[in-house]
Amino acid sequence: MSDCLFCKIAAGEIPSDKVYEDELCYAFNDIAPQAPSHFLVIPKTHIDSVSEINGSNSTLVAHIFEVIAKITAEKGIKSYRVVSNIGEQAGQSVPHLHFHVLSGRDMTWPPG
Ligand code: 5GP
Ligand code: ZN
């Protein structure tokens with residue numbers, strides 16, 4: 001999607017602090033971290049949110065979760081939270097599928 005912030009970040013058109021990249025996905029540190037470690041993992045192709053996951057793109061989403069396991073293992077992160085906000089009421093501010101990976105502090109439950 002031409003006007004999408006995260007499509008532009010994935011394409012390298014807007015700079016970001018890269019954590020990981022492969023042919024399918026891109027991971028980068030959040031600009032406003034909510035924990036000592038807070039990075040986002042996004043597909044390189046545009047998907048609006050978890051609501052748009054279906055049989056034609058779920059392999060890509062499974063790959064993203066493999067990548068989350070790989071990045072956290074390599075960083076020695078043993079406990080972390082994966083979050084994806086869907087829609088306005090849940091707090092989604094960028095309409096391109098992304099998984100927040102947060103760690104390095106005690107987490108509360110339920111989330112706010
Ligand atoms: P959401 O609010 O949609 O769940 O998450 C979007 C996240 O993207 C937020 O945590 C926000 O800080 C982050 N973000 C927004 N714009 C940028 C940006 O230009 N660069 C980076 N690295 N993160 C961003
Ligand atoms: Zn996009």
Side-chain angles (χ1 to χ4, degrees):
M1 200 181 268
S2 59
D3 201 26
C4 170
L5 173 64
F6 284 180
C7 281
K8 288 179 179 165
I9 285 179
E13 292 166 17
I14 290 176
S16 62
D17 185 12
K18 180 165 92 171
V19 170
Y20 172 90
E21 180 174 19
D22 65 26
E23 66 283 0
L24 297 175
C25 68
Y26 186 74
F28 57 107
N29 284 317
D30 198 292
I31 203 166
Q34 300 301 311
S37 173
H38 181 182
F39 62 88
L40 305 172
V41 189
I42 65 173
K44 286 189 169 177
T45 53
H46 185 88
I47 298 170
D48 283 349
S49 75
V50 167
S51 297
E52 303 304 315
I53 297 172
N54 56 47
S56 70
N57 59 24
S58 56
T59 305
L60 168 59
V61 178
H63 174 76
I64 287 175
F65 275 84
E66 283 185 45
V67 164
I68 291 170
K70 179 183 160 79
I71 296 170
T72 51
E74 283 177 5
K75 287 179 170 288
I77 299 171
K78 295 196 180 344
S79 182
Y80 54 98
R81 184 170 287 175
V82 180
V83 177
S84 193
N85 298 317
I86 297 98
E88 203 177 319
Q89 190 174 30
Q92 184 177 11
S93 59
V94 179
H96 178 126
L97 178 66
H98 51 283
F99 296 95
H100 297 259
V101 182
L102 303 123
S103 64
R105 64 165 169 81
D106 293 340
M107 306 268 169
T108 57
W109 192 263

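Indexing begins at 1, ligand by ligand and atom by atom, following the structure's order.
- Regarding atom 22 (N) of ligand 1, its nearest protein heavy-atom neighbour is Asn29 O, 2.9 Å.
- The closest approach between Gln34 and ligand 1 stays at or above 4.0 Å for every heavy atom of the residue.
- Here the protein heavy atom with the shortest distance to atom 16 (N) of ligand 1 is Leu5 CD2, 3.4 Å.
- Geometry about the Zn ion (ligand 2) gives an angle of 110° between SG of Cys4 and ND1 of His46, rounded in steps of 10 degrees.
- Side chains of Ser16 and Tyr26: a donor on one and an acceptor on the other come within 3.5 Å.
- At least one donor-acceptor pair closer than 3.5 Å links the side chain of Arg105 to the backbone N or O of Gln34.
- When hydrogens are left out, the protein atom nearest atom 23 (N) of ligand 1 is Ile31 N, 3.3 Å; that is the closest non-hydrogen contact.
- Contacts of Phe6 with ligand 1, taken as heavy-atom pairs under 4.0 Å, involve the side chain alone.
- For Asp17, the heavy-atom gap to ligand 1 stays at 4.0 angstrom or more.
- By the 4.0 Å heavy-atom criterion, Ser16 is excluded from the residues contacting ligand 1.
- Around atom CD of Glu88, no more than 12 heavy atoms belonging to other residues, nucleotides or ligands sit under 6.0 Å away.
- Under 4.0 Å from ligand 1, heavy atoms of Ser93 appear from its side chain as well as its backbone.
- Taking each of Asp30, Ile42, Asn85 in turn, the one with a heavy atom nearest to atom 12 (O) of ligand 1 proves to be Asp30.
- Taking the N/O/S atoms of His96 in turn, the shortest distance to the Zn ion (ligand 2) belongs to ND1.
- To the nearest 0.5 Å, atom CD1 of residue Ile42 and atom CD1 of residue Ile64 are 8.5 Å apart.
- Checking side-chain atoms of His98 against main-chain N and O of His96 turns up a donor-acceptor pair under 3.5 Å.
- In terms of modelled atom types and a separation under 3.5 Å, the side chain of Lys44 and the main chain of Asp22 share a donor-acceptor contact.
- In this structure, Val83 does not count as a contact residue of ligand 1, since none of its heavy atoms falls inside 4.0 Å of the ligand.
- Between the side chain of Gln92 and the main chain of Ser84, no donor-acceptor pair closer than 3.5 Å is present.
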